[in-house]
Amino acid sequence: AKMEIYRQKHAKLLKVQEKVQKNSADKVVLREYLSGLEDYIQSGVLEEKEAAIYREEYCNYFMKLHKVDADGIDATEVTCYLDNLISLGATQDAEDLWKVCPEEKKNEEGYRLMLGMYYNKKDKMKFFRCLKELEESTISLSSEGLMLLRFWIARREA
């Protein structure tokens, strides 16, 4: 069953890949390819090394999209890009992106990724700075997000 899912997702991705190779400056095609890549990466059928290759591919094509439509990139696309950067170990690139990313292109999942990255790096200062930024943001949080925010605020003050 896993091989069949792999085959179907790979075939679907190859179709979109042909389109993007023919017209790599078309933002609609780039978005479709990025969406296909993300679906393929998140499917759970890839081995770690293969997933890393597709994550790099995602990052490269995200940058192409950024060149042709920087203003059109939304919070979900930024979050996917951050997730891929962090998974590849490019934490400095993720941090640099987060610093310059406008508030309207940030979301709860992006904050969670950044907080998780800082936590894993054991960087308390950046962790709590990011937490404060989340606390002061206008982003609507899920109940789980609010619970985590309250937990870490209490830990910061303790």
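What you are looking at is a predicted structure, and each value in this text was computed from that prediction instead of being measured. Only this structure's heavy atoms are used, side chains among them; waters, hydrogens and symmetry mates stay out.
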Less than 4.5 Å apart, side chain to side chain, heavy atoms only: is that true for [X] and [Y]?
X    : Y    : answer
L13  : Y33  : yes
K124 : R129 : no
E77  : K105 : no
I53  : E56  : no
M117 : K126 : no
E135 : R156 : yes
D26  : V68  : no

For [X], is the [atom1] atom crowded, meaning more than 12 foreign heavy atoms sit under 6.0 Å from it?
X    : atom1 : result
Q92  : CD    : yes
E104 : CD    : yes
D71  : CG    : no
K121 : NZ    : yes

Would [X] end up clustered with [Y] when hydrophobic side chains under 4.5 Å apart are linked, directly or stepwise?
X    : Y    : result
L37  : L88  : no
V29  : M63  : yes
L148 : Y111 : no
Y58  : L14  : no
F151 : M114 : yes

*Answer yes or no for K64 and Y61: cation-pi contact, defined as NZ/CZ to six-membered ring centre under 6.0 Å and angle to ring axis within 45°.*
yes
*Ignoring hydrogens and geometry, is there a side-chain-to-backbone donor-acceptor pair from S137 to L134 under 3.5 Å?*
yes
*Scan side-chain atoms only and decide if E108 and S142 contain a donor-acceptor pair under the 3.5 Å cut-off.*
yes
*Start with the C-alpha gap between E50 and Y6, add the side-chain angles, then the distance that decides, and say whether side-chain hydrogen bond (donor to acceptor under 3.5 Å, both in side chains) holds.*
CA-CA 12 Å; E50 191 176 14; Y6 177 87; 2.6 Å; yes
*Would you call K9 and D39 a salt bridge, using N to O less than 4.0 angstrom?*
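Looking at K9 and D39, the cut-off is met.
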*If you look at every heavy atom in N84 and C59, which pair is closest and at what distance?*
CB-SG, 3.9 Å
*Y81 and F62 aromatic ring geometry - parallel, tilted or perpendicular at 30°/60° bounds*: parallel
*Can you check side chain to side chain contact (heavy atoms under 4.5 Å, CB included) on D83 and I41, steps first, answer last?*
CA-CA 11 Å; D83 183 33; I41 293 166; over 6 Å; no
